[in-house]
> 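Okay, handing you the structure first.
Every number for a ligand or one of its atoms is a count from 1 in the order of the listing. Because the structure is a prediction, the values reported are computed rather than measured.
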Amino acid sequence: MSRKKLIAANWKMYKNPSQTDEFFRGFLPLVFGHIGHSERRQYFGETDDTVNLRLKAALEHDLTPIVCVGEVLEEREAGLTEDVLRRQCLRAFHAISGKKASKLVIAYEPVWAIGTGKTATPQMASEAHVLIRGEAAKAFGDEFATGLRILYGGSVKPDNATALMSEEAIDGALVGGASLDPKSFAAIVRY
Ligand code: PGA
């Protein structure tokens with residue numbers, strides 16, 4: 001089963017409404033030709049007004065994330081990545097088991113790669129994603145795990161996006177710093 005890639009921007013509190021408008025005015029023309037017509041309508045609408053409405057709708061949803069990022073550098077260097085991820089998966093899956101898990105998206109973000117300019121290699125990220133998917137299969141079953149999207153986050157930039165996204169186990173990206181600028185985020189979306 002092939003999962004559709006998802007590229008997400010993690011803006012935190014960086015943009016106010018007028019900066020957000022400005023971002024989309026620059027961003028949308030750069031990606032319009034690169035996504036299908038139905039997605040264009042689904043995600044962006046056809047006009048600036050619709051964009052604003054959709055953004056608002058997303059903000060008003062209850063999208064509380066369960067945060068348990070990946071391993072710190074010392075843990076990776078000590079060969080503890082797998083243990084840490086297993087433990088975090090257990091905790092996170094326990095927290096959502098009572099809720100509807102069908103819309104779940106997971107981002108694996110090794111702490112040492114967030115905002116540092118150090119990216120996990122495609123192979124490192126891929127190995128972590130395979131492990132997380134295995135844990136999801138144990139918690140929720142194989143079918144669920146096969147459809148689950150697992151994004152990679154941590155210094156994703158235009159020049160490393162293609163290699164990361166080429167991995168079958170990586171279903172998209174959670175982009176921090178590089179998502180703030182319309183040109184660099186569009187370049188990642190167009191990888
Ligand atoms: P980064 O941030 O892309 O700047 O490393 C990742 C994140 O904020 O999720």
> Between Trp11 and Phe24, how do the two ring planes meet: parallel, tilted or perpendicular, split at 30° and 60°?
tilted

> From atom 5 (O) of ligand 1, work out which of Ala107, Ser179, Gly115 has a heavy atom at the shortest distance.
Gly115

> With no hydrogens and no angle check, just 3.5 Å: does a side-chain donor-acceptor pair link Trp112 and Glu74?
no

> Looking only at distances, please establish whether an N/O atom of ligand 1 is found under 3.5 Å from an N/O atom of Gly177.
yes

> Which is closest to atom 1 (P) of ligand 1 by heavy-atom distance: Ala8, Pro110, Ala9, Ser155?
Ser155

> Are any of the N/O atoms on Thr116, whether in the backbone or the side chain, positioned under 3.5 angstrom from an N/O atom of ligand 1?
no

> Near Ala113, which atoms of ligand 1 are under 4.0 Å from a heavy atom of that residue?
5 (O)

> For ligand 1 and Gly154, I'd like to know whether there is a polar contact (N/O to N/O, distance under 3.5 Å).
no

> Which one of Lys118, Glu109, Lys12 has a non-hydrogen atom at the shortest distance from atom 9 (O) of ligand 1?
Glu109

> Measuring from atom NZ of Lys157 to atom CG of Leu164, what distance do you get when rounded to the nearest 0.5 angstrom?
12.0 Å

> Enter the distance from Glu82:CD to Arg76:CZ here, rounded to the nearest 0.5 Å.
9.5 Å

> Which ligand 1 atoms, with their elements, are less than 4.0 angstrom from a heavy-atom of Ile114?
2 (O), 5 (O), 6 (C)

> Please check whether Asn10 reaches ligand 1 - meaning an N/O of the residue sits under 3.5 Å from an N/O of the ligand, judged on distance alone.
yes

